[in-house]
Amino acid sequence: MNQNLHQAGVKLLNALSRHADLLMQVYLSGTVDETKFSPKVIDSLVQMGILWRPDADADLRLKNVVRQLLEGSLHDERNRQIDANIGSALKGLKTLADHYKEALQHQRFTEANAHLSDLTEHVYALTESLENNVRVLFSRINNEFGYVSSIDAKIRENQLAQSQVSELLGELEMFQFDELSEIAASNRELRHLLVVTLQHSFSRVTQELSIVQARLLSLLGRFRELRGRTRLLKGFLLHMEHSPTFAPVNYCGLSQVPMLFNQAESVIKPAAVDVTRVEHEQELQKLVSAIKTLNRPPKAYQPERAAHQIHVEKQSEVEFAEDKLKKAVEGYFCQVIDTGERLTALEYYQQHELEFDTEAWLYQVIGGYQGLTSEEQAYFAIEQSGELHPIYNGNFIIRDVELGLR
């Protein structure tokens, strides 16, 4: 252990302890009132690097490192500085890791332990710096930038914090854990420091920064809303000062209401008919039932009709026509299977000069496909061609059906 370094550190800490009152006054006021303290004490603090004078005519101030120590330890809300120099810190970590591996390779274990100790200190210093940066941001937004008084100043502080978050996220992109993993290789100590510790800190900081960004955006919107309302109120007060006899009129009795007060939305919004919406099924059923109830004519007395004969021949003719339609559909499906080519229903209808109604023919083709089992439907590919209904949204008019094999 370096004895001279140890003694110098003890002397510095003793000086900080003996002159704590002086240092806190300088920290709070910014400069030293040299008339209140002994010149010998001030000179000793200057020689130890605690105080410094920027110019010959300037007042004594705290060194930046001492001020940063007090800001970080006291959690001072005025601490708005963020250290985002992560690239330089990562380069230092890689250099120390190379020193450590080289010392192990040449069996210089004492030197290797010293490099590992420095590497550990630098890794934990980097993680502490990242966490301190997030803490500084949270301390500034949790009190809604209470250290400034005006709304415009709050907006500027919000924009500053947003830019610092963006810079910090840009610096975090420099973490290349695959490269760090290659540097650590199979060394357990290096993997624990360069991969496990840094990755845990990286994931925690990125999650907290996303929360900070969301909070900053919400605060910025609220501050801008407050600024707009404040300007409106100031304008109204200025108007009242210039026109003290002003009195608002009864806007409810006006035929032309000013746009400032006419903010009500239209009661009936533009609508379109869509009978395919499942959630509207109950309302549509109620409307249809009401229409039937309102438009149903009163039942007049009608004499009982005389019994008439039912012609069985006509029923058999209808059944025979349906059988012919089904057989034609089966023939259509069989032709598609035999040829293996895609064919539309209307093309088959024209080729075989069928006499059925074209709409009934298309209905029967679609019904025949839907009547197949799921295994049989898997062999066919059916496509419907047509266009949307020009008035009723959601309705599709089928003009033809094309059938083929998958």
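This structure is a prediction, so every number in the text was calculated from the model and none was measured.
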What do you reckon, is CD of Glu121 surrounded by more than 12 foreign heavy atoms closer than 6.0 Å?
no
Flag, side chain of Glu131 to backbone of Val205, donor-acceptor distance under 3.5 Å
no
Acceptor/donor pairs from residues 226-240 side chains to any protein atom, 3.5 angstrom cut, sequence neighbours excluded:
from: Arg227; atom 1: NH1; to: Asp152; atom 2: OD1; distance (Å): 3.3
from: Arg229; atom 1: NH2; to: Glu225; atom 2: OE2; distance (Å): 2.6
from: Thr230; atom 1: OG1; to: Leu226; atom 2: O; distance (Å): 2.7

Which atoms form the tightest heavy-atom contact between Ile141 and Phe145, and what is the distance?
CG2-CZ, 3.8 Å
In the structure I gave you, are the side-chain heavy atoms of Ile86 and Leu130 within less than 4.5 Å of one another anywhere?
yes
Minimum side-chain heavy-atom gap Arg215-Phe138 below 4.5 Å:
no
Side-chain contact, heavy-atom cut-off 4.5 Å: Arg224 with Lys154?
no
Do Leu119 and Glu189 come within less than 4.5 Å of each other through their side chains, counting heavy atoms only?
no
So with a 6.0 Å cut-off around CD of Glu173, is the heavy-atom count from everything else above 12?
no
Which pairs pass salt bridge (charged side-chain N to carboxylate O under 4.0 Å, His left out) with one or both residues in residues 244-253, sequence neighbours excluded?
none
Does atom NE2 of His200 have more than 12 heavy-atom neighbours from other groups under 6.0 Å away?
no
Determine whether a donor-acceptor pair (N or O, by modelled atom type, separation under 3.5 Å) exists between the side chain of Glu402 and the backbone of Glu383.
no
Let me confirm one number: the CG-CG distance from Leu209 to Asn133, rounded to the nearest 0.5 Å.
8.5 Å
Side-chain donor or acceptor of Ser17 paired with backbone N/O of Leu13 under 3.5 Å:
no
Donor-acceptor pair, side chain of Ser117 and main chain of Asn113, under 3.5 angstrom
no
Going through the distances and angles, do Leu169 and Gln213 end up as a side-chain contact (heavy atoms from CB on, under 4.5 Å)?
CA-CA 11 Å; Leu169 289 174; Gln213 278 187 321; 3.5 Å; yes
May I have the list of side-chain donor-acceptor pairs in residues 192-199 shorter than 3.5 Å, sequence neighbours left out?
from: Thr197; atom 1: OG1; to: His192; atom 2: O; distance (Å): 2.7

For Ser139 and Asn143, which heavy atoms make the closest approach, and how far apart are they?
O-OD1, 3.1 Å
Just by modelled atom types, is the Asp400 backbone N or O under 3.5 Å from a matching donor or acceptor in the Ser385 side chain?
yes
Straight-line distance of Lys324 NZ to Gln364 CD, nearest 0.5 Å
13.5 Å
Rounded to the nearest 0.5 Å, what's the gap from CZ on Arg140 to CG on Leu160? Could you check?
5.0 Å
Evaluate the side-chain contact (heavy atoms from CB on, under 4.5 Å) criterion for residues His352 and Tyr332: first the C-alpha distance (whole Å), next the side-chain angles of each, then the deciding distance (0.1 Å), finally the verdict.
CA-CA 10 Å; His352 294 77; Tyr332 172 49; over 6 Å; no
Short question: side chain of Lys101, backbone of Ile183 - any donor-acceptor pair under 3.5 Å?
yes
Sub-3.5 Å donor-acceptor pair from the side chain of Tyr349 to the main-chain atoms of Leu354, do we have one?
yes
So which heavy atom on Phe202 is nearest to which on Leu172, and how close?
CE1-O, 3.4 Å
Ile382 side, atom CD1; Gln370 side, atom CD - distance, nearest 0.5 Å:
8.0 Å
So, the side chain of Arg191 versus the backbone of Ala185: is there a donor-acceptor pair under 3.5 Å, distance only?
yes
Return yes if some donor-acceptor pair links the side-chain N/O of Tyr348 with the main-chain N/O of Val336 below 3.5 Å, else return no.
no
Could you tell me whether Phe177 atom CZ has more than 12 heavy atoms of other residues or ligands within 6.0 Å of it?
yes
Report yes if some heavy atom in the side chain of Leu403 is under 4.5 Å from a heavy atom in the side chain of Val365; otherwise report no.
no
In terms of heavy-atom contacts, Leu346 and Arg399 come closest through CD1-O, 3.5 Å
Please evaluate residues Phe333 and Leu372 with respect to the criterion side-chain contact (heavy atoms from CB on, under 4.5 Å), reporting the C-alpha separation (whole Å), side-chain torsions for both, the decisive distance (0.1 Å), and the verdict.
CA-CA 11 Å; Phe333 277 74; Leu372 299 176; 4.0 Å; yes
Please check if the number of heavy atoms outside Glu353 that lie under 6.0 Å from its CD is greater than 12.
no
When you compare the side chains of Asn158 and Gln162, does any donor N or O come within less than 3.5 Å of an acceptor on the partner?
yes
Is it the case that over 12 heavy atoms from other parts of the model lie below 6.0 angstrom from the CD atom of Glu283?
yes
Do other residues, nucleotides or ligands put more than 12 heavy atoms under 6.0 Å from the CD atom of Glu387?
yes
Under the side chain to side chain donor-acceptor pair (under 3.5 Å) rule, what do Gln25 and Asp21 come out as? Steps first, then yes or no, please.
CA-CA 6 Å; Gln25 290 185 16; Asp21 183 63; 3.1 Å; yes
side-chain contact (heavy atoms from CB on, under 4.5 Å) between Leu93 and Leu90, intermediate numbers included:
CA-CA 5 Å; Leu93 295 181; Leu90 288 175; 4.2 Å; yes
